[in-house]
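The structure under discussion appears below in the form of structure tokens.
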Amino acid sequence: VWYTGSSACSGWNYWYQLNAAHRAGPGIVLAGFENNNTIRGHYLYDGDSVITYPSDWGMGGYLKSQVTVCSWFGDCLVMGDTADIWFKTWA
Amino acid sequence: MRKPILLLSGLVVVAMMSGATRTSAQLADPGLSRVSAVGTPVVLPAGDRRTTNLLQGGFRDIERIAIHGARSFYRLNLGSGKACYGSGSASAEWPLGVIKCTTTPGFPSPERPILDLSLVGLSQGDNRPHFIRVEGFASDGVAQVDLRDANGMTIMRLPVTNNVYWSTEPSANAVKLAALDASGRVLTTIP
């Protein structure tokens, strides 16, 4: 986790599928994967769920699933926000 | 006699509130609650572990709505009028890259006129996430989707074709989306 407001949701692995659901919290989160210097993912609003595959992003190798909490104003920089996000990954 | 009067007053208030709700709904463009594009059935690769995962999740009726450039766009019907939407590489053996589902307010609706499937990312040194690839579904009432910079300035305007908008090479300054109707009114912004 190298970006302010981000939380890792798994350990490192060769993940090929991520399911995530935004159950409650701030209006929007960025859910996806990270490596040592890059985060890729999809915005989720409260009640949204996503199934995604990092191969579609040109992102392979050793990854961690992650979520970044964004503010209502569109920046993922606000500390102190929390969100209830459900994650499931397959390796 | 006093209690029936109070009860009647309560009913009037409820009726007025219901009327206000209906009026608001009637004012909304019905096209915002509709996706008219028709798709063709798609069969997922048999034996693929991702197919197994989707079947176990109840995804059986999948149709391709459109192909734009190197990307395909899908509707995944769940029955009872409910659907999720997805996209993926048009040339990949496994067709789906992302599937997104919504709950109340679900897409398509006046509250959710677009279902954005864009890939968002950031690298070390970036001060905020930006769009890597822009794509998604728009209801019939959406005419265009604008890409905007952090100051809200429009830097690219995307048409909506077959209920789909897309851009494979958005500017690195693109950090917001705005969906507009035919009159140019902003219907929603993301994020």
Side-chain angles (χ1 to χ4, degrees), chain A residues 1-6 15-24 26-59 63 66-78 81 86 88-91, chain B residues 48-54 56-57 59 70-72 76 84-89 92-107 111-112 115-133 135-136 148-150 152 175-177 188-191:
Chain A
V1 178
W2 47 268
Y3 186 75
T4 303
S6 292
W15 304 112
Y16 74 86
Q17 179 176 331
L18 165 67
N19 290 22
H22 185 334
R23 289 177 164 171
I28 193 167
V29 301
L30 176 61
F33 287 98
E34 68 177 60
N35 60 23
N36 286 330
N37 58 11
T38 301
I39 288 175
R40 293 283 185 271
H42 295 277
Y43 283 136
L44 293 182
Y45 283 88
D46 193 353
D48 289 357
S49 57
V50 69
I51 302 171
T52 191
Y53 310 91
S55 58
D56 187 56
W57 317 340
M59 191 174 187
L63 303 171
Q66 72 85 39
V67 61
T68 302
V69 177
C70 306
S71 77
W72 286 98
F73 305 105
D75 295 335
C76 297
L77 298 169
V78 175
D81 283 343
W86 175 86
K88 185 174 183 180
T89 51
W90 284 265
Chain B
D48 191 299
R49 55 188 177 178
R50 292 162 291 191
T51 299
T52 303
N53 289 345
L54 287 185
Q56 289 175 346
F59 294 99
R71 304 289 290 176
S72 293
L76 298 92
C84 300
Y85 293 82
S87 60
S89 170
E93 183 179 347
W94 174 254
L96 289 156
V98 56
I99 302 164
K100 191 178 278 188
C101 308
T102 58
T103 55
T104 306
F107 170 81
E111 295 82 10
R112 292 290 296 270
L115 180 60
D116 189 55
L117 302 170
S118 298
L119 178 61
V120 179
L122 68 165
S123 300
Q124 289 201 30
D126 293 342
N127 60 6
R128 68 179 69 211
H130 60 89
F131 289 105
I132 307 292
R133 181 175 64 218
E135 60 191 21
R148 295 180 171 178
D149 65 16
V175 297
K176 297 176 185 289
L177 299 180
T188 191
T189 58
I190 294 176

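It should be emphasised that the depicted structure is a prediction, and the values quoted were computed from it without experimental measurement. Atom set for the values below is all heavy atoms of this structure, side chains included, hydrogens, waters and symmetry mates excluded.
Closest non-hydrogen pair, B:P191 versus A:Y45, comes out as CA-OH, 3.7 Å. The two residues B:L96 and A:Y53 come nearest to each other via the heavy atoms O-CD1, 3.3 Å.
For the atom pair CD1 of A:I39 and CD1 of B:I132, the computed distance is 11.0 Å after rounding to the nearest 0.5 Å. Within the model, atoms CE of A:M59 and CG of B:L119 stand 9.5 Å from one another, a figure rounded to the nearest 0.5 Å.
Judged by distance alone, with hydrogens and angles left aside, the side-chain atoms of B:K100 form no donor-acceptor pair with the main-chain N or O of A:L44 at under 3.5 Å. A distance-only check finds a donor-acceptor pair linking the side chain of A:T52 to the backbone of B:G97 [under 3.5 Å].
With a 4.5 Å cut-off on side-chain heavy atoms, B:R50 and A:Y16 count as touching. With contacts defined as side-chain heavy-atom distances shorter than 4.5 Å, the pair A:S55/B:W94 does not qualify.
Contact tally against chain B (heavy-atom pairs below 4.5 Å) for A:I51, A:V50, A:L18, A:N19: the top residue is A:I51. Contact tally against chain A (heavy-atom pairs below 4.5 Å) for B:L54, B:L115, B:T103: the top residue is B:T103. Put simply, of B:P105, B:G106, B:C101, the one with the most heavy-atom pairs under 4.5 Å next to chain A is B:C101.
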Trace of the side chain to side chain contact (heavy atoms under 4.5 Å, CB included) decision for A:D56 with B:R133: CA-CA 11 Å; A:D56 187 56; B:R133 181 175 64 218; 2.7 Å; yes
Verdict with reasoning, B:L122 to A:L30, per side chain to side chain contact (heavy atoms under 4.5 Å, CB included): CA-CA 11 Å; B:L122 68 165; A:L30 176 61; 4.3 Å; yes
A:D48 and B:R112: CA distance, side-chain angles, deciding distance, side chain to side chain contact (heavy atoms under 4.5 Å, CB included) verdict: CA-CA 11 Å; A:D48 289 357; B:R112 292 290 296 270; 3.1 Å; yes
Criterion side chain to side chain contact (heavy atoms under 4.5 Å, CB included) on B:S123 and A:T38, from CA distance to verdict: CA-CA 4 Å; B:S123 300; A:T38 301; 3.8 Å; yes
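Scored by the salt bridge (Lys or Arg N to Asp or Glu O under 4.0 Å) test, A:R40 finds no partners at all (sequence neighbours excluded).
Looking at B:S118, the atoms closer than 4.5 Å to chain A (heavy atoms on both sides) all sit in the backbone: N, CA, C or O. Heavy-atom distances place the side chain of B:F59, and not its backbone, under 4.5 Å from chain A.
Applying side-chain contact (heavy atoms from CB on, under 4.5 Å) to A:H42 and the options B:V120, B:D116, B:V98 leaves one that passes, B:V98.
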